[in-house]
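Each chain gets a letter, A, B and so on, in the order its sequence line appears, and its residues count up from 1.
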Amino acid sequence: MILRLFNTLSGQMDDLLPADGAVLRMYACGPTVYDYGHIGNFRTFLQVDLLRRTLHLFGVPVRHVMNITDVDDKIIRNAAAAGIPIADYTPRFEQAFLDDLQSLAVQRPEVLSRATAHIPQMVHLVQQLAARNAAYRTDDGNWYFRLSSFPDYGKLSKKDLEGMADGARVDVDEYERDSARDFALWKATPAGETGWDTPIGRGRPGWHLECSAMAMEYLGESFDLHAGGEDLMFPHHENEIAQSESATGKLFARHWFHVRFLLVNGRKMSKSEGNFFTLRDLLLRGYKASAIRLALLSVPYRHQLNFTFDGLLEATSAIDRLRTFAARLRAAQLPSGSMPATMAAVAAARQSFLEALANDLNTAEARAAIFEMVRQGNIALDADQLLTEDRDAMLHLLDDFDSVFAVIADHDAEPTRAAIEWARANGQLDSVAPELIAADSLTDAEIDARIEERNLARRQRNFRRADQIRDELAALGILLEDSRDGVRWKRR
RNA sequence: GGCGCGGUACCCAAGUGGUAAGGGAGAGGUCUGCAAAACCUUUAUGCGUCGGUUCGAUUCCGACCCGCGCCUCCA
């Protein structure tokens with residue numbers, strides 16, 4: 001399978017293949033570590049994860065680089081407000097970010113690179129640009145990129161520099177520049193403030209510089225794909241292209257992948273709207289990591305996703321259906337052999353699944369193909385018409401589905417437990433859903449003892465007592481299910 | 001003002017020039033001491049409005065209405 005993916009740069013669907021015929025080299029803009037990540041951030045990281053997992057499924061090896069922006073104005077401001085050096089401030093949010101990725105089953109990129117560890121590369125880039133007369137230093141020590149030296153500016157976001165001048169809000173700041181649109185490469189900082197002493201003067205990097213420097217450090221001057229949220233397209237990615245291509249004379253990234261913003265309850269997420277959620281917020285409200293993952297992946301990346309709690313509930317039920325079916329398949333005692341019709345149905349589902357992903361990562365359609373198979377599998381199981389080879393084919397497709405979606409294998413307990421721990425350590429226990437704490441208060445052994453007590457009552461046909469125990473446990477968020485093979489229970 | 005996206009059943013959502021995937025929820029059924037869970041069945045003559053092209057449009061074209069995003073730090 002070859003992945004056909006929309007390319008912002010070309011404005012059309014392009015096949016995504018490694019230029020060198022071996023490894024697909026991709027760079028994804030990572031977080032600025034000044035706060036906990038919110039679900040909007042994670043939609044993008046999840047979609048990039050889905051992209052790399054799809055490439056793996058299609059047999060394309062990937063070298064994925066992600067930056068960690070650990071120096072910028074907000075970090076400096078927040079660290080100063082907290083009264084600690086930025087080197088002590090950022091690691092905690094970097095770790096929180098990595099923990100969150102793990103909670104969401106996001107695969108770690110091959111390379112994670114911190115901005116502050118690549119100052120020399122950035123300085124070198126500025127020097128290259130200066131040598132080509134594409135960068136200049138102002139009297140106050142700042143370095144700017146000379147936009148007029150790069151005629152291609154705007155080719156990614158399809159913006160016309162002339163058109164932008166009128167109407168648009170042009171930022172005016174205190175610095176002197178040749179042109180108001182020239183952007184900062186390097187910001188001079190006085191002694192005492194965060195900065196590095198370098199051949200181009202004391203200062204700190206502008207936002208765009210780090211991505212160019214690190215992408216080229218780990219992927220070369222020209223590479224396959226560059227990813228990020230749609231908001232980064234302009235000006236961030238446009239500026240990366242300008243400074244990189246001016247310095248090397250080569251095409252920077254061939255393919256640009258942009259994930260649309262998500263909305264929360266129909267509005268852009270913002271703290272002032274009161275619709276701003278971190279991953280931790282959701283886990284502490286009792287939503288499972290897998291449900292959050294599926295909810296954020298189910299709407300194709302080029303569409304706006306309206307995030308709601310109903311959507312999370314929907315995802316939770318959908319995952320239950322998948323997990324129940326997978327467990328049912330594994331547990332079934334089946335005669336050996338295969339049914340041609342069933343094998344054909346599974347093959348058709350596989351084909352639909354793969355084609356949907358290959359068609360610009362159409363996750364909604366890919367999901368539908370799997371559910372169609374689930375329905376057919378359940379029918380065959382109910383009719384005692386499923387045979388071993390049918391089952392194996394279905395399990396194989398479920399595995400492939402999960403190698404991309406990663407929601408069937410149940411790893412939900414740990415993220416929730418970790419979130420509760422975090423809340424406890426940060427004095428935020430009051431934001432934890434009561435059932436989570438209640439369920440946490442009983443050990444598995446205690447629950448088993450209560451269930452045994454209920455089983456005894458049931459055998460004595462004392463249903464009143466049995467139902468009482470069931471209700472008590474339910475109040476603690478522990479749900480019982482009687483089945484032929486005994487009582488199953490789960491924490492809500 | 002410039003650029004762009006979307007309006008499909010109760011909710012989410014895919015899709016095609018030839019008559020509407022999938023998930024959730026609701027309803028009915030099977031199972032059960034009762035529940036729950038699970039499974040099955042079922043739910044849009046209709047795809048924002050109005051025109052046009054066509055044998056035929058939800059799908060193409062035009063106009064309009066509504067919602068949203070970017071153009072500024074932002075995933």
[N]: pairing nucleotide in any strand, Watson-Crick or G-U under 3.5 angstrom:
| N | answer |
| --- | --- |
| B:A44 | none |
| B:G17 | none |
| B:C68 | B:G4 |
| B:C31 | none |
| B:C73 | none |
| B:G62 | B:C50 |

Please report the distance separating the [atom1] of [N] from the corresponding atom of [M], rounded so that it comes out in whole Å.
| N | M | atom1 | value |
| --- | --- | --- | --- |
| B:A75 | B:G6 | P | 24 Å |
| B:G22 | B:U30 | P | 25 Å |
| B:C47 | B:G7 | P | 13 Å |
| B:U8 | B:A44 | C1' | 8 Å |
| B:C3 | B:U16 | P | 27 Å |
| B:G23 | B:G18 | P | 24 Å |
| B:G15 | B:C60 | C1' | 16 Å |

Can you tell me the distance, in whole Å, between the [atom1] atom of [X] and the [atom2] atom of [N]?
| X | N | atom1 | atom2 | value |
| --- | --- | --- | --- | --- |
| A:Phe371 | B:A25 | CZ | P | 11 Å |
| A:Phe261 | B:C68 | CZ | P | 16 Å |
| A:Phe183 | B:U72 | CZ | P | 14 Å |
| A:Leu232 | B:A75 | CG | P | 7 Å |
| A:Leu279 | B:A75 | CG | C1' | 14 Å |
| A:Glu472 | B:A36 | CD | P | 19 Å |
| A:Asn378 | B:G23 | CG | P | 11 Å |
| A:Phe405 | B:G23 | CZ | C1' | 12 Å |

Legend entry - Ring geometry between A:Phe45 and A:Phe97 (parallel below 30°, tilted from 30 to 60°, perpendicular above 60°): perpendicular
Reckon [X] touches a base, only the sugar-phosphate, or nothing at all at heavy-atom distances under 4.0 Å?
| X | answer |
| --- | --- |
| A:Gly37 | nothing |
| A:Pro31 | nothing |
| A:Arg267 | sugar-phosphate |
| A:Ile379 | sugar-phosphate |
| A:Ala318 | sugar-phosphate |

Looking at [X] and [Y], does any basic side-chain N land under 4.0 Å from a carboxylate oxygen?
| X | Y | value |
| --- | --- | --- |
| A:Arg302 | A:Glu230 | no |
| A:Arg114 | A:Glu94 | yes |
| A:Arg146 | A:Asp182 | no |
| A:Arg470 | A:Glu481 | no |

Between [options], spot the one nearest the side chain of [X], thanks.
| X | options | answer |
| --- | --- | --- |
| A:Glu230 | B:C40, B:G69, B:A21 | B:G69 |
| A:Asn41 | B:A75, B:C5, B:G24 | B:A75 |
| A:Ala364 | B:A13, B:A38, B:G22 | B:A13 |
| A:Val299 | B:A13, B:A37, B:G69 | B:A13 |
| A:Arg260 | B:C5, B:U72, B:G23 | B:C5 |
| A:Asp320 | B:G24, B:A38, B:A75 | B:A38 |
| A:Ser317 | B:C74, B:G69, B:A25 | B:A25 |
| A:Trp207 | B:C73, B:C40, B:A14 | B:C73 |
| A:His38 | B:A75, B:C5, B:U72 | B:A75 |

Please check if the side chain of [X] supplies one atom and the backbone of [Y] the other of a donor-acceptor pair under 3.5 Å.
| X | Y | value |
| --- | --- | --- |
| A:Gln107 | A:Arg53 | no |
| A:Asp390 | A:Met339 | yes |
| A:Lys187 | A:Ala184 | no |

Legend entry - Close aromatic pair by centroid cut-off 6.0 Å: A:Phe277 and A:Tyr36: no
Legend entry - Close aromatic pair by centroid cut-off 6.0 Å: A:His118 and A:Tyr218: yes
Legend entry - Verdict with reasoning, A:His255 to A:His226, per ring-ring contact (aromatic ring centres under 6.0 Å, His included): CA-CA 6 Å; A:His255 201 120; A:His226 194 124; over 10 Å; no
Inset, instruction - Classify the side chain of A:Lys268 and the base of B:C74 as holding, or not holding, a donor-acceptor pair under 3.5 Å. - result: yes
Legend entry - Close approaches to RNA chain B from residues 303-315 of chain A, in residue order (heavy atom, under 4.0 Å): A:His303, A:Gln304, A:Glu314
Polar atom pairs (N or O), protein with nucleotides 31-34 of chain B, under 3.5 Å:
| residue | atom | partner | partner atom | Å |
| --- | --- | --- | --- | --- |
| B:G33 | O6 | A:Arg458 | NE | 3.4 |
| B:G33 | N1 | A:Asp467 | OD1 | 3.1 |
| B:G33 | N2 | A:Asp467 | OD2 | 2.9 |
| B:C34 | O2 | A:Arg470 | NH2 | 2.9 |
| B:C34 | N3 | A:Arg470 | NH1 | 3.1 |
| B:C34 | N4 | A:Asp482 | OD2 | 3.0 |

Legend entry - Presence of A:Thr32 side-chain N/O under 4.0 Å of B:C73 phosphate oxygens OP1/OP2: no
Inset, instruction - Tell me whether the OP1 or OP2 atom of B:G6 has a side-chain N or O from A:Arg302 closer than 4.0 Å. - result: no
Inset, instruction - Go through the steps to decide whether A:His237 and A:His208 satisfy the test ring-ring contact (aromatic ring centres under 6.0 Å, His included), and finish with yes or no. - result: CA-CA 8 Å; A:His237 289 162; A:His208 318 294; 9.4 Å; no
Inset, instruction - Evaluate the salt bridge (charged side-chain N to carboxylate O under 4.0 Å, His left out) criterion for residues A:Asp482 and A:Arg454: first the C-alpha distance (whole Å), next the side-chain angles of each, then the deciding distance (0.1 Å), finally the verdict. - result: CA-CA 11 Å; A:Asp482 298 332; A:Arg454 174 169 172 272; 2.9 Å; yes
